[in-house]
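Numbers here are sequence positions counted from 1. Hydrogens, waters and symmetry mates play no part in the numbers below; they use all other heavy atoms, side chains included.
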Amino acid sequence: MRHRVCWPRHSALVGSLILGAIWAIWHFPLGLVGDLSLYSTINVVLAAVVFTWLYQNTGSVLLAILMHVTHQNSVRFLGKAFIDADHVQQQWTGVAIWAVAAIAIVAVYGTESFVRRPATQPALAGAVQIQSAAFGGDRP
């Protein structure tokens, strides 16, 4: 499990939430230039869950970086197309999308590792049968 390297005492979900909180604090200086809001802070925490899932299932930091760049550019450029109440609504819609993704990840993969475990029993039983047959174990 990859998350155990960074968060040995925590599940993937708790590790992601800790990472999301640290990431949100990292973004606090944006408040000095008026570019920090409640929805962007929540967005960062939810995105950490999705990025953790992506890394856990691919092992690729590059894919997580590309996902971050894609998200960041969509927020920066598409967000400018909306003003006033439309901008706020667009931002909260983005938070809702990240929330749905994070909830789906937890619902499908659980909280422990965000990685679906293959069924080991049938594969193990098949391996035992093959090994047994290879060594003459099926003979009467």
Side-chain angles (χ1 to χ4, degrees):
M1 287 185 260
R2 290 183 179 91
H3 77 277
R4 296 291 183 203
V5 173
C6 296
W7 309 108
R9 296 185 189 137
H10 302 293
S11 68
L13 178 61
V14 171
S16 296
L17 296 176
I18 292 169
L19 178 63
I22 293 168
W23 196 11
I25 291 167
W26 170 263
H27 285 87
F28 280 174
L30 291 173
L32 299 174
V33 294
D35 198 18
L36 183 70
S37 61
L38 177 61
Y39 45 78
S40 63
T41 303
I42 295 170
N43 201 356
V44 165
V45 175
L46 293 170
V49 173
V50 178
F51 289 174
T52 299
W53 169 82
L54 180 66
Y55 176 74
Q56 290 288 83
N57 285 279
T58 66
S60 174
V61 175
L62 179 61
L63 285 177
I65 290 169
L66 290 174
M67 188 174 187
H68 180 272
V69 167
T70 302
H71 166 70
Q72 192 63 32
N73 286 331
S74 69
V75 169
R76 291 286 172 233
F77 298 118
L78 293 177
K80 294 187 185 307
F82 300 95
I83 57 171
D84 300 327
D86 288 339
H87 175 73
V88 173
Q89 181 180 5
Q90 183 257 350
Q91 294 297 315
W92 281 113
T93 300
V95 169
I97 292 168
W98 282 109
V100 167
I103 290 167
I105 288 167
V106 170
V108 171
Y109 295 93
T111 61
E112 192 58 34
S113 70
F114 293 167
V115 176
R116 181 172 282 188
R117 301 279 185 254
T120 57
Q121 192 62 29
L124 180 61
V128 170
Q129 288 174 353
I130 291 170
Q131 182 180 12
S132 177
F135 291 106
D138 286 342
R139 294 184 185 170

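- In the hydrophobic clustering of ILVMFWY residues, with side-chain heavy atoms under 4.5 Å counting as a link, Val45 and Leu19 come out apart.
- Taking Val33 as the reference, Asp35 meet the side chain to side chain contact (heavy atoms under 4.5 Å, CB included) condition, with sequence neighbours excluded.
- Evaluation of the ring pair (Phe, Tyr, Trp, His ring centres under 6.0 Å) rule for Tyr39 yields Trp92 as partners, not counting sequence neighbours.
- Note that OG1 of Thr52 is 10.5 Å distant from CD1 of Ile18, once rounded to the nearest 0.5 Å.
- Under the side chain to side chain contact (heavy atoms under 4.5 Å, CB included) criterion, Ile83 pairs with no residue, sequence neighbours left out.
- Hydrophobic cluster of Ile97: no remaining members, since no ILVMFWY side chain lies below 4.5 Å from it.
- Without hydrogens or angle criteria, Asp86 side chain to Phe82 main chain gives no donor-acceptor distance under 3.5 Å.
- Note that OG1 of Thr58 and CH2 of Trp53 are 8.5 Å apart. Values are rounded to the nearest 0.5 Å.
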Quiz: residues 102-111 side-chain donor-acceptor pairs under 3.5 angstrom, not counting sequence neighbours:
none

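- Here Phe28 is tied into one hydrophobic group with Ile25, Leu30, Leu36, each link being a pair of ILVMFWY side chains closer than 4.5 Å.
- One hydrophobic cluster, built from ILVMFWY side chains closer than 4.5 Å, cannot hold both Trp26 and Leu32; they sit in different ones.
- Residues Val115 and Phe51 fall into different hydrophobic clusters, defined by Ile, Leu, Val, Met, Phe, Trp and Tyr side chains chained together at heavy-atom separations under 4.5 Å.
- Of all heavy-atom pairs spanning Val49 and Leu17, the tightest one is CG2-CD2, 4.2 Å.
- Take Ser40 and apply the side-chain hydrogen bond (donor to acceptor under 3.5 Å, both in side chains) test, not counting sequence neighbours, and it matches Ser37.
- Counting heavy atoms from C-beta outward, Leu13 and Phe114 have side chains that approach closer than 4.5 Å.
- There is no path of hydrophobic side-chain contacts, each under 4.5 Å, that joins Tyr55 to Leu62.
- Taking both residues in full, the closest heavy atoms of Met67 and Leu54 are given as SD-CD2, 3.8 Å, listed atom of the first, atom of the second, then distance.
- With sequence neighbours excluded, no residue forms a side-chain hydrogen bond (donor to acceptor under 3.5 Å, both in side chains) with Thr93.
- Among all heavy-atom pairs drawn from Ser16 and Ala48, the shortest one is O-CB, 3.5 Å.
- Ile65 contributes atom CD1, which lies 11.5 Å from atom OG1 of Thr70 (distance to the nearest 0.5 angstrom).
- Residues forming a ring pair (Phe, Tyr, Trp, His ring centres under 6.0 Å) with His68 (at least two apart in sequence, or on another chain): Trp23.
- Cluster annotation: Leu38 and Ile22 are assigned to distinct hydrophobic clusters (Ile/Leu/Val/Met/Phe/Trp/Tyr, side-chain heavy-atom contacts under 4.5 Å, transitive).
- Not counting sequence neighbours, Asp84 has no partner by the side chain to side chain contact (heavy atoms under 4.5 Å, CB included) test.
- Atom CD of Gln72 has more than 12 neighbouring heavy atoms from other residues, nucleotides or ligands inside a 6.0 Å radius.
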